[in-house]
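Step one of this worksheet: look at the structure below.
Since the model is a prediction, treat every value here as computed from it, not as a measurement.
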Amino acid sequence: EVQLVESGGGSVEAGGSLTLSCVKSTDINRSYCLAWFRQGSGKERERVAIGYTGAGAPVYADSVKDRFTVSMDKSKNTFFLQMNNLAPDDTAMYYCVSGASDMDCYVGTRRAVWGQGTQVTVS
């Protein structure tokens with residue numbers, strides 16, 4: 001019943017920026033954490049970043065550190081991923097995940113809520 005809807009994907013040139021949005025159908029504060037995962041064609045799924053609705057600093061994958069930033073607009077139940085200085089290796093389907101535990105967001109469990117994904121293509 002709880003749904004996550006991602007948007008903001010598209011095609012961008014290397015060095016460009018893009019912001020992804022994830023809208024939760026219920027109160028975002030009922031999530032302990034939210035995360036972005038991505039999976040490129042022929043590649044393993046990778047955790048991109050984690051954000052917390054309570055106390056806790058965000059966590060970023062080394063591959064995106066200093067380029068990507070997560071944030072939330074709690075009034076709109078929305079979780080964002082701002083992506084700067086994009087490179088072709090960032091090309092992937094990006095998924096939003098809502099979790100009730102650290103495990104949910106660190107590894108992307110099946111019990112977590114997953115969105116359908118939004119495609120990002122960097123050329």
Problem - Under 3.5 Å: donor-acceptor pair, side chain of E6, backbone of G117 - result: yes

Problem - Heavy-atom donor-acceptor pair, T26 side chain to V2 backbone, under 3.5 Å - result: no

Exercise for the section: Give the ring-plane orientation class for F68 versus Y94, where under 30° counts as parallel, over 60° as perpendicular and anything between as tilted. Expected result: tilted

Handout entry: Pair Y32, D102: side-chain N/O donor-acceptor within cut-off below 3.5 Å
Key = yes

Problem - Side-chain touch T91/Q119, heavy atoms, less than 4.5 angstrom - result: yes

Practice task
Would you kindly confirm whether F80 and L18 end up in one hydrophobic cluster when ILVMFWY residues are joined by side chain heavy atoms under 4.5 Å apart?
Solution key: no

Practice task
Would you check if D90 and R67 make a side-chain contact, meaning some heavy-atom pair closer than 4.5 Å?
Solution key: yes

Problem - Donor-acceptor contact below 3.5 Å, side chain D104 vs main chain T109 - result: no

Problem - Exam field: side chain T78 to backbone V23, donor-acceptor pair closer than 3.5 Å - result: no

Problem - Side-chain donor or acceptor of K43 paired with backbone N/O of R38 under 3.5 Å - result: no

Exercise for the section: To the nearest 0.5 Å, tell me how far C96 SG sits from Q3 CD. Expected result: 12.5 Å

Practice task
Heavy atoms only: give me the nearest V97-A112 pair and the separation to one decimal.
Solution key: CG1-CB, 3.6 Å

Problem - Side-chain donor or acceptor of W114 paired with backbone N/O of L4 under 3.5 Å - result: no

Exercise for the section: Measure the OG-CE distance between S31 and M72 for me, rounded to the nearest 0.5 Å. Expected result: 7.5 Å

Problem - ILVMFWY cluster, M103 and F37 together (side-chain gap under 4.5 Å) - result: no

Practice task
Considering non-hydrogen atoms only, spot the tightest contact between S98 and K24 and give its length.
Solution key: OG-CE, 3.5 Å

Handout entry: Heavy-atom closest pair, residues E46 and S63
Key = OE2-OG, 2.8 Å

Exercise for the section: Would you kindly confirm whether L34 and V5 end up in one hydrophobic cluster when ILVMFWY residues are joined by side chain heavy atoms under 4.5 Å apart? Expected result: no

Problem - Single-linkage hydrophobic cluster, 4.5 Å side-chain cutoff, M93 and V48 together - result: no

Problem - Interatomic spacing from OG1 in T69 to CG in N84 - rounded to 0.5 Å - result: 6.5 Å

Problem - V70 backbone acceptor or donor facing Y60 side chain under 3.5 Å - result: yes

Problem - Parallel, tilted or perpendicular, as decided by the 30° and 60° cut-offs, for the rings of F79 and W36 - result: parallel

Exercise for the section: Please answer: with hydrophobic residues joined when any side-chain heavy atoms are less than 4.5 Å apart, are I50 and V64 in the same cluster? Expected result: no

Exercise for the section: Please say whether more than 12 non-hydrogen atoms of neighbouring residues, nucleotides or ligands are located less than 6.0 Å from NZ in K74. Expected result: yes

Handout entry: R45 side chain to Q39 backbone, donor-acceptor under 3.5 Å
Key = no

